[in-house]
Chemist: 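Attaching a single structure in structure tokens format; questions to follow.
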Amino acid sequence: MSELRLYDAMAREKRDFVPADPGRVTMYVCGPTVYGRAHVGNFRPEVVFDVLGRVLRHRFGANALVHARNITDVDDKIMAAAEREGVAPSAVASRYEAAYAEDAAALGVVPPTLAPRATEHIGQMIALIERLIAAGHAYEAAGHALFHVPSDPDYGVLSRRDREAMLAGARVEVAPYKRDPADFVLWKPSAPGVIGWESPWGRGRPGWHLECSAMIGAHLGETIDIHGGGIDLQFPHHENELAQSRCAHRGVPLARYWLHNGFLNMGEMAKMSKSLGNVATVPELLAAGHRGETIRLALLSAQYRQPLAWTEALLVQSKATLDRLYRAAGDAPSAEPDAGVLDALDDDLNTPLALARLAAIEDAGGIRASAALLGLLGGSADGWFQGGAEDAGAIEAAIVARLDARKRRDFAEADRIRADLAEHGILLEDGAGGTTWRRA
RNA sequence: GGCCCGAUGGCGGAGUGGUGACGCAGAGGACUGCAAAUCCUCGCACGGGGGUUCGAUUCCCCCUCGGGCCUCCA
């Protein structure tokens, strides 16, 4: 077996993946702020780290992985949405948390081991701030608690930001109560009537970066193996998270490997969406006739760090690829995964190469087992080709009528029946064992 | 403006200092009443300009274009 190698943003190179404890591999991926329906791009990390989870379980054992993905359920955008709708922020949060789970499930994502919510860890967050203040890394000012960036000589190691350049390019006015322009909020005051919790610094709510540090500490430990998220989160979110945790934990690093997925390039879709006044969400894509597994394959068609051009054509192509794979896999039970596919995934999750090798596998059981590492081909071939079609009985009847016509050599009638079915999205195939049908 | 990443055939996308995977689409053939599926064959692409080198798509520099970040966007 080859070594699993992952590109670590901290080292800026691929490194052999060696967990601190092979019996308990810990992975934390930044999850959604639940203020609205997430679009497909939001699910790239979800699918990518789901594949990584599958690879890790294959390598270290089915129960060896602890995979946490947070839900940010307190945030100004949630409050704004609640305000608009005249409902409680918790109502907005729980609605979109459910929607997120539903969309992720449609893409074949295994629910993470843990899905902690920010609002359920306020106590831990307050305790973390107190530790930071006691250690001289944070201070209180005007009802806020702030992290003092100059107190941390290692600040910036992850994103390698040049402090001067950062300040020069700052687009946002510096709040007057900050001791240093780079200081960031750990806790901020809540006005009466809006969501908030009592704290040593008055009634308020946590800053964005704090929850991840607190929940990682509470559920996974001081140092985790893998920390993941979108490339946009590298700075400031992960940098700040890292600084908070390291400073609160005597300099112990927060994560051993930092992974960031690239963005979907929404060029064409964005244009399409713009004219429709919305963005491409999973339910919209499903309603347009694309299946979750098709969307999943499309999301895996580029290596996760690369940008991926997201287009309608990509979905059409992904569907055709699945047709072929399901046909090749048939009803074979899962066997052993292919070494070539494993090697490709071991090389920093090279999913396009894995897909290429998957296409070359001869043995059906090997196809299924290998596809399972990618979270594909989870269903039966019949389910893929015929599932969801309405009125299978009528289709069967039409097939019988067509066979009868063919026996009479009335090919005009036979072709008319076939064309009629095709108009309803049903394709016929005359094989050696008789005529079968499938959805277009 | 600063920092960072990307640019490969019609499309998606691997990979590499020395004859450029794979998939989808397309073309031709076999098969079929005709199709579909399957099998065989084919298309000969590394953004532009310099440089290093015996040789660059691969390394270096510049340019162009696209994307990300620059305090709460996956």
Side-chain angles (χ1 to χ4, degrees), chain A residues 9 12 29-33 38-49 72 75-77 147 149 159-175 178 181-185 188 206-211 228-237 239-240 260-267 297-321 323-325 327-328 344 347 350-360 385 406 409-412 414-415 418-419 422 427-432 435-438 440:
Chain A
R12 298 235 172 152
V29 182
C30 288
T33 299
H39 62 85
V40 257
N42 295 291
F43 290 97
R44 169 123 93 144
E46 209 60 48
V47 168
V48 161
F49 289 101
T72 300
D75 169 272
D76 288 4
K77 283 199 282 278
F147 185 90
V149 169
S159 56
R160 301 193 193 172
R161 297 271 158 170
D162 175 68
R163 182 185 155 77
E164 301 310 317
M166 238 167 66
L167 295 179
R171 294 174 305 193
V172 177
E173 235 174 288
V174 177
K178 287 187 178 182
D183 290 355
F184 57 90
V185 171
K188 59 182 163 188
W208 175 39
H209 318 297
L210 189 62
E211 59 172 285
I231 184 64
D232 57 318
L233 296 180
Q234 188 178 64
F235 187 89
H237 183 55
E239 192 71 61
N240 290 355
H260 297 107
N261 64 272
F263 266 40
L264 253 42
N265 191 328
M266 303 285 280
L297 176 59
L299 287 171
L300 293 174
S301 60
Q303 199 267 352
Y304 75 93
R305 285 188 287 121
Q306 301 306 123
L308 171 62
W310 188 258
T311 61
E312 179 73 18
L314 177 64
L315 288 164
V316 171
Q317 163 180 329
S318 299
K319 193 268 183 187
T321 301
D323 281 342
R324 186 175 171 282
L325 286 174
R327 198 179 301 279
D347 183 17
N350 192 337
T351 52
L353 187 57
L355 256 3
R357 292 185 172 163
L358 187 62
F385 288 118
R406 290 180 71 203
R409 302 199 65 80
D410 182 358
F411 296 120
D415 290 351
R418 184 170 63 195
L427 303 180
L428 299 187
E429 293 175 5
D430 298 323
T435 298
T436 57
W437 62 273
R438 66 185 170 102

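Proteins get letters first, then strands, A, B, ... in listed order; numbering begins at 1 in each. Bear in mind that the values here come from a model prediction, so they are computed numbers and not experimental data.
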Chemist: Can you tell me which nucleotide in B:A21, B:U71, B:G33 comes closest to the side chain of A:Arg409?
Modeler: B:G33
Chemist: Step by step, work out the side chain to side chain contact (heavy atoms under 4.5 Å, CB included) result for A:Val185 and A:Trp208.
Modeler: CA-CA 8 Å; A:Val185 171; A:Trp208 175 39; over 6 Å; no
Chemist: Measure from the side-chain heavy atoms of A:Phe411 and tell me the nearest of B:C69, B:A14, B:G33.
Modeler: B:G33
Chemist: Look at the side-chain N and O atoms of A:Lys178 and state whether any lies under 4.0 Å from the OP1 or OP2 oxygen of B:U71.
Modeler: no
Chemist: Can you tell me which nucleotide in B:C72, B:G13, B:G23 comes closest to the side chain of A:Asp75?
Modeler: B:C72
Chemist: Measure CZ/A:Arg438 against C1'/B:A36 and give the value in whole Å, please.
Modeler: 7 Å
Chemist: Would you indicate which nucleotide in B:C4, B:G66, B:A74 comes nearest to any side-chain atom of A:Arg12?
Modeler: B:C4
Chemist: Would you measure the distance from the P atom in B:G50 across to the matching atom in B:U38 and give it in whole Å?
Modeler: 47 Å
Chemist: On a whole-Å scale, what distance lies between the C1' atoms belonging to B:C59 and B:G66?
Modeler: 24 Å
Chemist: With a 4.0 Å cut-off on heavy atoms, is A:Gln306 in touch with a base, just the backbone sugar-phosphate, or nothing at all?
Modeler: sugar-phosphate
Chemist: Can you see which heavy atom on A:Ser159 is nearest to which on A:Phe235, and at what distance?
Modeler: OG-CD1, 3.2 Å
Chemist: A:Leu314 near the nucleic acid: base, sugar-phosphate alone, or nothing, with a heavy-atom cut-off under 4.0 Å?
Modeler: sugar-phosphate
Chemist: If every non-hydrogen atom of A:Thr351 is compared with every non-hydrogen atom of A:Ala302, which pair is closest and at what distance?
Modeler: OG1-O, 3.3 Å
Chemist: Can you say whether a donor on the side chain of A:Arg324 sits under 3.5 Å from an acceptor on the base of B:G23, or the other way round?
Modeler: no
Chemist: Could you check whether A:Glu46 gets within reach of a base, just the sugar-phosphate, or nothing at all, counting any heavy atom under 4.0 Å?
Modeler: nothing
Chemist: Out of B:G68, B:C34, B:C69, which has the shortest distance to the side chain of A:Ile231?
Modeler: B:G68
Chemist: Is the base of B:C5 touched by the side chain of A:Arg305 through a donor-acceptor pair closer than 3.5 angstrom?
Modeler: no
Chemist: Quick check: any donor-acceptor pair below 3.5 Å linking the side-chain of A:Lys319 to the base of B:C24?
Modeler: no
Chemist: So if I take every side-chain heavy atom of A:Phe235 and compare against B:A74, B:C70, B:G33, which nucleotide ends up nearest?
Modeler: B:C70
Chemist: Taking atom P in both B:G12 and B:A25, compute the distance separating them and give it to the nearest angstrom.
Modeler: 15 Å
Chemist: For the base of B:C34, is there a side-chain donor-acceptor partner from A:Asp430 under 3.5 Å away?
Modeler: yes
Chemist: Looking only at atom C1', what distance separates B:G67 and B:C73, rounded to whole Å?
Modeler: 14 Å
Chemist: What is the separation between atom CG on A:Asp76 and atom P on B:C72, rounded to the nearest whole Å?
Modeler: 10 Å
Chemist: How does RNA chain B look in dot-bracket form if you count Watson-Crick and G-U pairs under 3.5 Å, write [ ] for pairs that cross, and put | where a base pairs with another strand?
Modeler: (((((((..(((.....[...))).(((((.......)))))....(((((..]....))))))))))))....
Chemist: Ignoring hydrogens and geometry beyond distance, is the side chain of A:Gln317 in donor-acceptor contact with the base of B:G23 at under 3.5 Å?
Modeler: yes
Chemist: Which residues pass the side chain to side chain contact (heavy atoms under 4.5 Å, CB included) test with A:Thr435, not counting sequence neighbours?
Modeler: A:Ile399, A:Arg402, A:Leu403, A:Arg406, A:Leu428, A:Asp430
Chemist: Scan A:Gly207 against the nucleic acid and name what it touches under 4.0 Å (heavy atoms): base, sugar-phosphate only, or nothing.
Modeler: nothing
Chemist: Under the side chain to side chain contact (heavy atoms under 4.5 Å, CB included) criterion, do A:Trp310 and A:Val40 qualify, and how do the steps go?
Modeler: CA-CA 9 Å; A:Trp310 188 258; A:Val40 257; 3.8 Å; yes
Chemist: Between B:C24 and B:C31, how far apart are the two C1' atoms, rounded to whole Å?
Modeler: 23 Å
Chemist: Would you check if the side chain of A:Ser318 reaches a backbone N or O of A:Leu297 as a donor-acceptor pair within less than 3.5 Å?
Modeler: no
Chemist: Kindly say whether, by distance alone, the side chain of A:Asp415 makes a donor-acceptor pair under 3.5 Å with the base of B:G33?
Modeler: yes
Chemist: Could you tell me how far B:C63 sits from B:A7 if I compare only their C1' atoms? Round to whole Å.
Modeler: 13 Å
Chemist: Heavy atoms only, 4.0 Å cut-off, all strands: where does A:Lys188 land among base, sugar-phosphate and nothing?
Modeler: base
Chemist: Would you kindly give the OH-to-P distance between A:Tyr304 and B:G6, to the nearest whole Å?
Modeler: 13 Å
Chemist: Looking at every strand, decide which applies to A:Leu358 at a 4.0 Å heavy-atom threshold: base, sugar-phosphate, or nothing.
Modeler: nothing
Chemist: How close or far is atom P of B:G15 from atom CD of A:Gln303, stated in whole angstroms?
Modeler: 7 Å
Chemist: Could you tell me whether the phosphate oxygens of B:G15, OP1 or OP2, come under 4.0 Å of any side-chain nitrogen or oxygen in A:Asn350?
Modeler: yes
Chemist: For A:Leu355, answer base if it contacts any base atom (sugar-phosphate contacts may also be present), sugar-phosphate if it contacts only those atoms, and nothing otherwise; contact means non-hydrogen atoms under 4.0 Å.
Modeler: nothing
Chemist: If you pin A:Ala309 and A:Val316 to their nearest nucleotides in RNA chain B, which one's is more 5'?
Modeler: A:Ala309
Chemist: Evaluate whether the aromatic ring of A:Phe263 and the six-membered ring of the B:A74 base sit under 5.5 Å apart, centre to centre, with an inclination under 30°.
Modeler: yes
Chemist: Provide, to the nearest angstrom, the distance between the CD atom belonging to A:Glu429 and the C1' atom belonging to B:A36.
Modeler: 5 Å
Chemist: Between A:Leu299 and A:Phe43, what is the shortest heavy-atom contact and its length?
Modeler: CD1-O, 4.0 Å
Chemist: Would you mind telling me which of B:G23, B:U38, B:G13 lies closest to the side-chain atoms of A:Arg327?
Modeler: B:U38
Chemist: Between A:Arg44 and A:Asp183, name the one whose nearest nucleotide on RNA chain B is closer to the 5' end.
Modeler: A:Asp183
Chemist: Return the CG to CG distance between A:Asn265 and A:Leu314, rounded to the nearest 0.5 Å.
Modeler: 11.5 Å
Chemist: Taking atom types as they are modelled, is there a donor-acceptor pair under 3.5 Å from the base of B:A36 to the side chain of A:Arg418?
Modeler: no
Chemist: Before accepting this row, confirm whether a basic side-chain N of the pair A:Lys319/A:Asp323 lies closer than 4.0 Å to the acidic partner's carboxylate O.
Modeler: yes
Chemist: Strictly distance-based, threshold 3.5 Å: is any side-chain N or O of A:Asn42 a donor or acceptor partner for the main-chain N or O of A:His39?
Modeler: yes
Chemist: For B:G48, measure the glycosidic angle (O4'-C1'-N9-C4 for a purine, O4'-C1'-N1-C2 for a pyrimidine) and name it syn if it falls within 90° of 0, otherwise anti.
Modeler: anti
Chemist: Which of the following nucleotides, B:U71, B:C22, B:A74, is nearest to the side chain of A:Asn240?
Modeler: B:U71
Chemist: Sequence neighbours left out, what passes salt bridge (charged side-chain N to carboxylate O under 4.0 Å, His left out) with A:Asp183? Give chain and number order.
Modeler: none
Chemist: Nearest whole Å is fine: how far is B:C34 C1' from A:Leu427 CG?
Modeler: 15 Å
Chemist: Between B:G13, B:C69, B:G33, which nucleotide gets closest to the side-chain atoms of A:Pro352?
Modeler: B:G13
Chemist: Using atom CZ of A:Arg357 as one end and atom C1' of B:G15 as the other, report the distance to the nearest whole Å.
Modeler: 10 Å
Chemist: Honestly, is A:Arg327 close enough over A:Phe385, meaning NZ or CZ under 6.0 Å from the six-membered ring centre and within 45° of the axis?
Modeler: yes
Chemist: What is the distance from CD of A:Gln234 to C1' of B:C69, rounded to the nearest Å?
Modeler: 9 Å
Chemist: Let's see if you can work this out: which of B:G33, B:U71, B:A14 has an atom nearest to the side-chain heavy atoms of A:Leu353?
Modeler: B:A14
